[in-house]
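FYI, the numbering just counts along the sequence from 1.
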Amino acid sequence: MGFTIQPGTTDQKQINAVVEDLFRSEYGKLAASLVRAFRLPHLEEVEDIVQDTMLAALTGWSFRGVPEYPTAWLHRVAQNKAVDYIRKRRMRGEEPFELHPGLQQAIAELELERNFLSWEIEDSQLRMMFACCHPGIPAAAQIALTLKTLCGFSVREIANAFLTKELTIEKRLGRARKYFRDHHVELEPPTGRALRKRRGAVLASLYLLFNEGYKQTESEGLFDRDLCLEALRLTRIMAEHPEVRSPESLALLALMTLVFARFDTRTNISGDIVLLSEQDRKLWNRELIEQGMDLFARSEPDIYTSTYHLEAAIQSLHVMAPSFERTDWPAVLGLYKRLYDLNPNPIVAMHMSVSMGQVHGADAAIELLQHSPLPEYYLYHALLGDAYLKANRSEDAATSFRRAITLTTNAREKTLLEERLAAVSG
C-alpha cells in the first residue's frame, strides 16, 4: 500500500485516501482470490462482493477507525461476504456454486480460512487476467474488462488509455459482461494453445497498467510506484512462466525495467516534473538499466520485431546516452518510423515528433503533429506548443499550451504547462 495512515484514525479525508489507494492495489487481488476459492461463475457477482467490501471499509472505518492491518481486513471481510452470499443462495434453493474442496468444511462451519498464501493470490490474478481476455469478446473489450476488474481502473482512466469517450468504454464493458452472462462463461483460464492465444491481450493490459502508474491521469501526484511495480511483477511472471513466456513478454519486461530506471528522477524534491532533458542521469538506477538491457538481449530483437521490441530499443538508446543532446536521435527516429509502420496511429506519430524535431527541426515536428492530430489529448497540444516555441511562433505556442491546460486532469502536469505558458506570455 502506497498510502500510510495511523491505525485507529477516523479522519474522513485520510480514510477516503487510504481506501482509494487500497481500491487500486487490492481490487484485483480480492477478485482473483474470491474466484479461486469460491469459483463464482459470473463476473458481476465477484465485482459486487468486492465493491461492497470497499464500501464497508469506507463507512465502517469512519466510526471504528482504520484497522492495524487494513489489507488483511479487506480480504477477511470479502471472504465473509462471499460466504454469506453462498448461504443465501442455498437458503433460496438455488444451485450452489462448486467450492474449492479445501473450503467445504469451512463453509459448513460458517467460517473461511483467513489466510491466503501470497503466491496463490499472485497466481490467481494472472489466471483472472487470462480469464477476462475471452476470445468471444473483441480485443479492446478484453483489455477494458481486465483493467476495470483486476487493475481497479475507473471508466475515465480506461477511456484515457484508449483515447476514447467514457460512454464507449461503458458500452464495451456492458457488452462484455452480457456475453459472459449469456454464454455462462466461467472465470477459469484455458490451457495449452488456447491459453497462449490470449497472451497478447494480457500483455497489452499490463502495458497500459504500467503506463497509468508511470503517469497518473487522475491524481494530484504524477505517478504511482506501486502500480508500476505491480505491472512489473505480473509481467515478470508472464516472462518466466513456461506456458506463456515469449520474446514479446521479455521485450515488454525490458521496456518497463528501462523506463522504471528513471522513475525517481522524474520529479524534484518538491514533486514538480523534471523533463527528460533536465534529469540528472547520474541518479538513474544503473542496476535496473543493466537488467533491462539483459532482458532486451534475451528477447532476441534481431529475430522478433514486436511493438514492445521497438519501444524497448528506443528506451535503450535513451538510457545509454550520456546526455539529452548526445542521444542518437537519428536512430531513435528510425525506430519510431519502424514502429509507425507496424502500428500506424496518431499516438506513435505524436511521440515520434520529438525525435523528428531533433533531427529535422521544429517545422518538421509541427508538420508531423498536424498530419496526425489528437485534438482531445493534452500531450499532443503540449508537444505542439513546444514545437511552436522552438520555431519562434510564440502566439501559436501559447494557444497550444492553453488548450493542453484545459485537457489535462493531472495537477503536476497542469502546473508545468502553466509555467510554460507564463514564460511564453511574459
Item to check | Side-chain (Arg281) to main-chain (Arg262) donor-acceptor, under 3.5 angstrom | outcome: no
Checklist entry - According to the interplanar angle, ranging from 0 to 90°, do the rings of Phe263 and Phe260 count as parallel (below 30°), tilted (30 to 60°) or perpendicular (above 60°)? => result tilted
Item to check | Any Met350 side-chain heavy atom under 4.5 Å of Ser372 side chain | outcome: no
Checklist entry - How far does OG1 of Thr307 sit from CG of Leu342, to the nearest 0.5 angstrom? => result 6.5 Å
Next on the checklist: For His381 and Arg402: C-alpha separation, side-chain torsions, deciding distance, then whether side-chain contact (heavy atoms from CB on, under 4.5 Å) applies.
Outcome noted: CA-CA 9 Å; His381 294 282; Arg402 289 191 189 97; over 6 Å; no
Checklist entry - Do Arg225 and Asp264 meet the salt-bridge criterion of a basic N to acidic O distance under 4.0 Å? => result yes
Item to check | Whether Thr327 side chain and Ser323 backbone form a donor-acceptor pair below 3.5 Å | outcome: yes
Next on the checklist: I'd like to check Ile347 versus Tyr377 (side-chain heavy atoms, cut-off strictly below 4.5 Å). Are they in contact?
Outcome noted: yes
Next on the checklist: How about CD on Glu278, more than 12 heavy atoms from neighbouring residues, nucleotides or ligands closer than 6.0 Å, or not?
Outcome noted: yes
Item to check | Flag if over 12 foreign heavy atoms under 6.0 Å of NZ, Lys414 | outcome: yes
Next on the checklist: I'd like to check Ser249 versus Val244 (side-chain heavy atoms, cut-off strictly below 4.5 Å). Are they in contact?
Outcome noted: no
Checklist entry - Can you tell if the side chain of Thr146 reaches within under 4.5 Å of the side chain of Val202, non-hydrogen atoms only? => result no
Next on the checklist: As a test of understanding, state which of Leu384, Val424, Leu416 forms a side-chain contact (heavy atoms from CB on, under 4.5 Å) with Phe401.
Outcome noted: Val424
Checklist entry - Between Glu290 and Arg286, does at least one N-O distance fall below 4.0 Å, as a salt bridge requires? => result no
Next on the checklist: Please check if the number of heavy atoms outside Arg393 that lie under 6.0 Å from its CZ is greater than 12.
Outcome noted: yes
Checklist entry - Hey, is the main chain of Val185 close enough, under 3.5 Å, to the side chain of His183 for a donor-acceptor pair? => result no
Checklist outcome for this item: Heavy-atom closest pair (Ala312 atom, Ala251 atom, distance to 0.1 Å) is CB-O, 3.8 Å
Checklist entry - Are Trp329 and His318 close enough that their ring centres sit under 6.0 Å apart? => result yes
Next on the checklist: Is the positively charged end of Arg175 above the ring of Phe180, judged by distance under 6.0 angstrom from the centroid and angle within 45° of the axis?
Outcome noted: no
Checklist entry - Short question: side chain of Ser355, backbone of Met352 - any donor-acceptor pair under 3.5 Å? => result yes
Checklist entry - Does CD belonging to Glu418 count more than 12 external heavy atoms closer than 6.0 Å? => result yes
Item to check | Interatomic spacing from CE in Met54 to CG in Leu30 - rounded to 0.5 Å | outcome: 5.0 Å
Item to check | Approximate separation, where rounding is to 0.5 Å, of Leu147 CG and Leu206 CG | outcome: 9.0 Å
Next on the checklist: Would the distance check show the side chain of Arg266 and the main-chain N or O of Leu275 forming a donor-acceptor pair, the cut-off being under 3.5 Å?
Outcome noted: no
Item to check | Atom pair CG/CE of Leu368 and Met356 - distance to nearest 0.5 Å | outcome: 5.0 Å
Checklist entry - Should the pair Arg177-Glu47 be classified as a salt bridge under the 4.0 Å nitrogen-to-oxygen rule? => result yes
Checklist entry - Just by distance, do the side chain of Gln79 and the backbone of His75 share a donor-acceptor pair under 3.5 Å? => result yes
Checklist entry - Just wondering, do Trp61 and Val19 contact through their side chains at under 4.5 Å, heavy atoms? => result yes
Checklist entry - Any side-chain donor-acceptor pair under 3.5 Å between Tyr378 and Glu413? => result yes
Checklist entry - For the atom pair CG (Leu417) and CG (Leu421), what is the distance rounded to the nearest 0.5 Å? => result 8.5 Å
Checklist entry - Any salt bridge between Glu170 and Arg156, counting N to O under 4.0 Å? => result no
Checklist entry - Are Glu311 and Tyr207 close enough, and set up right, to give a side chain to side chain donor-acceptor pair (under 3.5 Å), and what steps lead you there? => result CA-CA 11 Å; Glu311 288 195 48; Tyr207 176 86; 2.9 Å; yes
Item to check | side-chain contact (heavy atoms from CB on, under 4.5 Å) between Arg245 and Leu250, worked out | outcome: CA-CA 8 Å; Arg245 64 186 176 197; Leu250 278 169; over 6 Å; no
Checklist entry - Do the side-chain N and O atoms of Tyr27 and Gln51 include a donor-acceptor pair separated by under 3.5 angstrom? => result yes
Next on the checklist: When you measure from the side chain of Glu166 to the backbone of Val155, do you find a donor-acceptor pair of N or O atoms at a distance under 3.5 Å?
Outcome noted: no
Next on the checklist: Treating Tyr380 as the side-chain partner and Leu369 as the backbone partner, does any N or O pair qualify as donor plus acceptor under 3.5 Å?
Outcome noted: yes
Item to check | Trace of the side-chain contact (heavy atoms from CB on, under 4.5 Å) decision for Gln279 with Phe324 | outcome: CA-CA 9 Å; Gln279 290 174 14; Phe324 183 83; over 6 Å; no
Checklist entry - Where do Glu300 and His309 land on the side chain to side chain donor-acceptor pair (under 3.5 Å) test, with the steps shown first? => result CA-CA 9 Å; Glu300 302 180 272; His309 281 90; over 6 Å; no
Checklist entry - Is the shortest heavy-atom distance from the side chain of Lys197 to the side chain of Pro135 under 4.5 Å? => result no
Checklist outcome for this item: What one should report as the nearest heavy-atom pair of Leu295 and Ala254 is CB-CB, 3.7 Å
Checklist entry - Taking it one step at a time, do Met238 and Arg199 satisfy side-chain contact (heavy atoms from CB on, under 4.5 Å)? => result CA-CA 9 Å; Met238 286 279 290; Arg199 181 171 53 202; 3.7 Å; yes
Checklist entry - Counting N and O atoms only, with roles assigned by atom type, does the side chain of Glu26 sit under 3.5 Å from a partner on the main chain of Thr71, one being a donor and the other an acceptor? => result no
Checklist entry - Do Phe210 and Leu252 come close enough that some side-chain heavy atom pair is under 4.5 Å? => result no
Item to check | Distance (rounded to the nearest 0.5 Å) between Thr265 OG1 and Asn285 CG | outcome: 10.0 Å
Next on the checklist: Looking at Ser205 and Ala201, would you say the former's side chain and the latter's main chain have a donor-acceptor pair under 3.5 Å?
Outcome noted: yes
Checklist entry - Is the closest side-chain heavy-atom distance between Lys29 and Glu230 below 4.5 Å? => result yes
